[in-house]
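All residue numbers in this chain count up from 1 along the given sequence. Start at 1 and go down the list; that is how both ligands and their atoms are numbered.
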Amino acid sequence: MRVVSGIQPTGNLHLGNYLGAIRNWVRMQDELVTTGGECLFFLADLHAISQPHVPAELAANTREMAAALVACGIDPAKSILFNQAQVPAHAELQWLLNGTARMGWLNRMTQWKDKAGKNREGQSVALFTYPVLQAADVLLYQATHVPVGEDQKQHLELARDIAQAFNSAFGTKGFTDSQGHEVPGRDIFTQPDPIIPPEAARIMSLRDGSAKMSKSDPSEMSRINLADDADTIMQKVRKAKTDPEPLPSEMAGLEGRTEAANLVGIYAAMAGMKPDAVLAQFAGQGFGAFKPALGELLVEQLAPIAARFNALRHDGEALDAILAQGSARARHLAAPTLAAAYAALGLVRG
Ligand code: TYM
């Protein structure tokens with residue numbers, strides 16, 4: 001088993017990232033230590049340049065995000081933690097895959113459509129080919145499992161399509177030898193499976209139940225950052241948009257109440273309960289009672305993460321050492337697949 005996933009080092013790590021992806025990274029890391037296999041987690045700094053950015057901020061955010069991941073439980077002794085920019089094979093493989101990916105496939109990506117909006121002509125080429133780099137990120141390591149939130153599912157499907165198209169065009173074909181033995185063909189890439197947590201696949205904004213919680217939302221009140229202090233968390237939950245109705249006893253009763261359903265979902269994910277069990281506990285009560293309970297649960301669970309993050313975030317030397325060591329291991333693991341892809345395409349490297 002080879003687990004690979006990444007996060008863009010733009011802004012703070014928020015509750016959507018944590019419940020949708022990072023918590024699963026930590027679980028898978030801890031499982032693989034006993035069952036065997038490898039985990040690679042990276043900061044997608046190459047992806048971050050697909051939109052306007054401030055170079056000094058990107059460098060600082062890359063270190064901060066590394067600190068946040070360690071604070072959440074990613075252990076550099078168990079997982080390979082690195083940033084793309086230190087592993088040139090990501091950019092190289094992206095170029096090789098650009099020959100296989102099709103404009104039509106990329107044009108269908110909803111994230112491209114959302115981010116480009118009406119101004120496609122004004123976007124960077126990198127924003128358009130972003131999913132090809134994402135495919136390279138996972139195919140480079142023969143990833144078998146990719147833990148992500150729901151919003152990355154389409155990008156993962158594209159990675160599978162690219163792998164399949166490349167394998168069938170450039171992999172070696174199976175044949176029957178002169179003695180009648182079947183000689184199997186050889187694929188260059190493994191097709192990765194997305195791992196999406198059913199209970200927290202899509203955490204929504206605290207201000208708008210139809211928009212996902214996101215780093216790019218201009219309102220700080222829309223998201224809970226893992227480094228928020230207790231007062232800030234309580235205030236954000238208190239001000240979260242809801243409705244005046246009391247909570248029903250089952251999830252079916254929350255249909256059409258997207259903000260309410262989101263808060264119940266967050267409670268359930270944080271408490272490790274089913275949403276129906278949360279409702280069984282709070283049925284008939286209003287948000288005046290539910291919100292303080294949710295706020296306290298969040299504060300209790302996030303406080304140790306925030307404390308570890310604050311202790312680490314300014315230790316640039318330690319963070320650089322973690323990333324340098326992880327990158328060296330990643331470069332080593334990437335080399336055979338990159339070489340196989342060059343060779344399969346007929347590219348002579350000496
Ligand atoms: P990014 O940086 O936007 O998000 C990192 C992870 O957090 C998940 N996530 C959410 N999950 C549930 N609810 C939300 N509101 C929410 N917001 C974010 C994302 O699904 C993701 O798993 N393109 C990727 C980074 C990337 C990557 C990769 C991921 C680059 N290469 C290869 C996997 C494999 C991104 O921008 O994620």
Peer 1: Considering only the protein, which heavy-atom contact is closest to atom 25 (C) of ligand 1, and what is its distance?
Peer 2: Gly6 O, 3.6 Å
Peer 1: Please report which non-hydrogen protein atom sits nearest to atom 18 (C) of ligand 1, along with the residue it belongs to and the distance in Å to one decimal place.
Peer 2: Asn17 ND2, 3.2 Å
Peer 1: Check each heavy atom of Ser214 against ligand 1 and say whether those closer than 4.0 Å belong to the side chain, the backbone, both or neither.
Peer 2: neither
Peer 1: Looking at atom 2 (O) of ligand 1, what's its closest protein heavy atom, distance included?
Peer 2: Gln8 N, 2.9 Å
Peer 1: Have Gln152 and Gln134 got a donor and an acceptor in their side chains that come within less than 3.5 Å?
Peer 2: yes
Peer 1: Salt bridge check, Asp320 against Arg63: does any charged N sit closer than 4.0 Å to a carboxylate O?
Peer 2: yes
Peer 1: Tell me, do Leu139 and Thr190 make a side-chain contact under 4.5 Å, heavy atoms counted?
Peer 2: no
Peer 1: To the nearest 0.5 Å, what is the distance between CG (Asn225) and OG1 (Thr232)?
Peer 2: 9.0 Å
Peer 1: Would you kindly check if the NZ (Lys) or CZ (Arg) of Arg2 is within the cone defined by 45 degrees around the ring axis of Tyr141 and under 6.0 Å from the six-membered ring centre?
Peer 2: no
Peer 1: So if I count the atoms of ligand 1 from 1 in the order they appear, which ones are less than 4.0 Å from some heavy atom of Val138?
Peer 2: 32 (C), 34 (C)
Peer 1: Pull out every atom of ligand 1 sitting under 4.0 Å from any heavy atom of Phe42, numbered as shown with elements.
Peer 2: 28 (C), 31 (N), 32 (C)
Peer 1: Side chain, backbone, both or neither: which part of Arg202 comes within less than 4.0 Å of ligand 1 when only heavy atoms are counted?
Peer 2: backbone
Peer 1: Quick check: are there more than 12 heavy atoms from other residues, nucleotides or ligands sitting under 6.0 Å from NZ of Lys113?
Peer 2: yes
Peer 1: Report, in ascending order of atom number, the atoms of ligand 1 lying under 4.0 Å from any heavy atom of Tyr130.
Peer 2: 23 (N), 24 (C), 35 (C), 36 (O)
Peer 1: Within ligand 1, which atoms have a heavy atom of Ala201 less than 4.0 Å away?
Peer 2: 11 (N), 12 (C), 13 (N)
Peer 1: Compare Gly265, Ala21, Ala136, Gly16 and give the one whose heavy atom is closest to atom 6 (C) of ligand 1.
Peer 2: Ala21
Peer 1: Would you mind listing which atoms of ligand 1 come within a distance below 4.0 Å of any non-hydrogen atom of Ala200?
Peer 2: 12 (C)
Peer 1: Among protein heavy atoms, which sits nearest to atom 13 (N) of ligand 1, and what does the distance come to when rounded to 0.1 Å?
Peer 2: Ile203 N, 2.8 Å
Peer 1: Between Gln8 and Tyr130, what is the shortest heavy-atom contact and its length?
Peer 2: NE2-OH, 2.8 Å
